[in-house]
Amino acid sequence: MLNTGEDYVKDASALALAALGWVLADERRAHRFLDLTGLSPDGLRESIGEISTHRAVLDFLSQHEPDLLGAAEALDVPPETLVAARKDLRR
């Protein structure tokens with residue numbers, strides 16, 4: 001079965017939301033995410049369904065290898081899958 005571009009975005013967004021759960025599970029990491037993205041907790045809640053927020057999550061992970069590796073392990077995916085999802089959301 002061939003995935004359309006829309007399917008890739010849905011899969012990448014689902015992965016980004018799962019990764020966001022991992023990010024938010026640690027208070028220090030969650031604060032760093034909010035500080036680096038400029039999002040407030042309310043802003044994050046309001047924008048959780050937006051592609052730009054999904055990109056921000058994957059950008060955050062991609063810019064700090066220990067977080068990328070930790071999220072990949074927690075989500076049981078190769079780190080490359082998270083990086084690929086980031087690229088899919090940039091299409």
Side-chain angles (χ1 to χ4, degrees):
M1 174 193 239
L2 181 64
N3 280 337
T4 65
E6 185 177 325
D7 289 337
Y8 282 128
V9 170
K10 286 180 185 176
D11 291 345
S13 287
L15 187 57
L17 289 172
L20 177 60
W22 179 83
V23 168
L24 297 178
D26 177 82
E27 187 175 338
R28 287 174 44 161
R29 187 173 48 238
H31 281 289
R32 189 164 41 87
F33 171 73
L34 293 174
D35 288 345
L36 290 174
T37 61
L39 288 167
S40 67
D42 287 338
L44 178 58
R45 277 189 286 278
E46 291 171 6
S47 67
I48 200 158
E50 296 179 16
I51 297 287
S52 61
T53 300
H54 304 168
R55 280 192 298 251
V57 172
L58 297 173
D59 286 346
F60 172 79
L61 294 174
S62 295
Q63 293 170 5
H64 188 66
E65 187 175 9
D67 285 343
L68 177 66
L69 297 176
E73 182 178 338
L75 299 173
D76 198 27
V77 297
E80 298 81 13
T81 300
L82 292 167
V83 173
R86 179 180 178 230
K87 291 177 184 175
D88 288 343
L89 291 175
R90 296 221 174 266
R91 288 183 185 181

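Reckoned from all heavy atoms, side chains included, excluding hydrogens, waters and symmetry mates.
Distance CG/D67 to CG/D26: 8.5 Å, rounded to 0.5 Å. With rounding to the nearest 0.5 angstrom, the CG atom of D59 is 15.0 Å from the NE2 atom of H64. Put simply, CG on L36 and CZ on F60 are 6.0 Å apart, with the number rounded to the nearest 0.5 Å. Summarising the geometry, atom CH2 belonging to W22 is positioned 9.5 Å from atom CD belonging to E73; distances are rounded to the nearest 0.5 Å. To the nearest 0.5 angstrom, L58 atom CG is 12.5 Å from K87 atom NZ. L69 CG to E65 CD: the interatomic distance, rounded to the nearest 0.5 Å, is 5.0 Å.
Residues L82 and L75 meet the side-chain proximity criterion, which asks for heavy atoms closer than 4.5 Å. Under the 4.5 Å side-chain criterion, counting only non-hydrogen atoms from C-beta, D11 is not in contact with D88.
A pairwise comparison of heavy atoms in A16 and V57 identifies O-CG1, 3.5 Å as the closest pair. Considering every non-hydrogen atom in both S62 and V83, the closest pair reads OG-CG2, 4.2 Å. When all heavy atoms are compared, the tightest approach of A85 to A12 is O-CB, 3.6 Å. Considering every non-hydrogen atom in both L61 and A19, the closest pair reads CD1-CB, 3.6 Å. Taking both residues in full, the closest heavy atoms of P78 and A72 are given as C-CB, 4.0 Å, listed atom of the first, atom of the second, then distance.
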In residues 44-52, what donor-acceptor pairs under 3.5 Å come from side-chain atoms, sequence neighbours left out?
{"from": "R45", "atom 1": "NH2", "to": "D42", "atom 2": "OD1", "distance (Å)": "2.4"}
{"from": "S47", "atom 1": "OG", "to": "G43", "atom 2": "O", "distance (Å)": "2.9"}
{"from": "S47", "atom 1": "OG", "to": "T53", "atom 2": "OG1", "distance (Å)": "2.8"}

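Environment of CG in D76: sparse, with no more than 12 heavy atoms of neighbouring residues, nucleotides or ligands closer than 6.0 Å.
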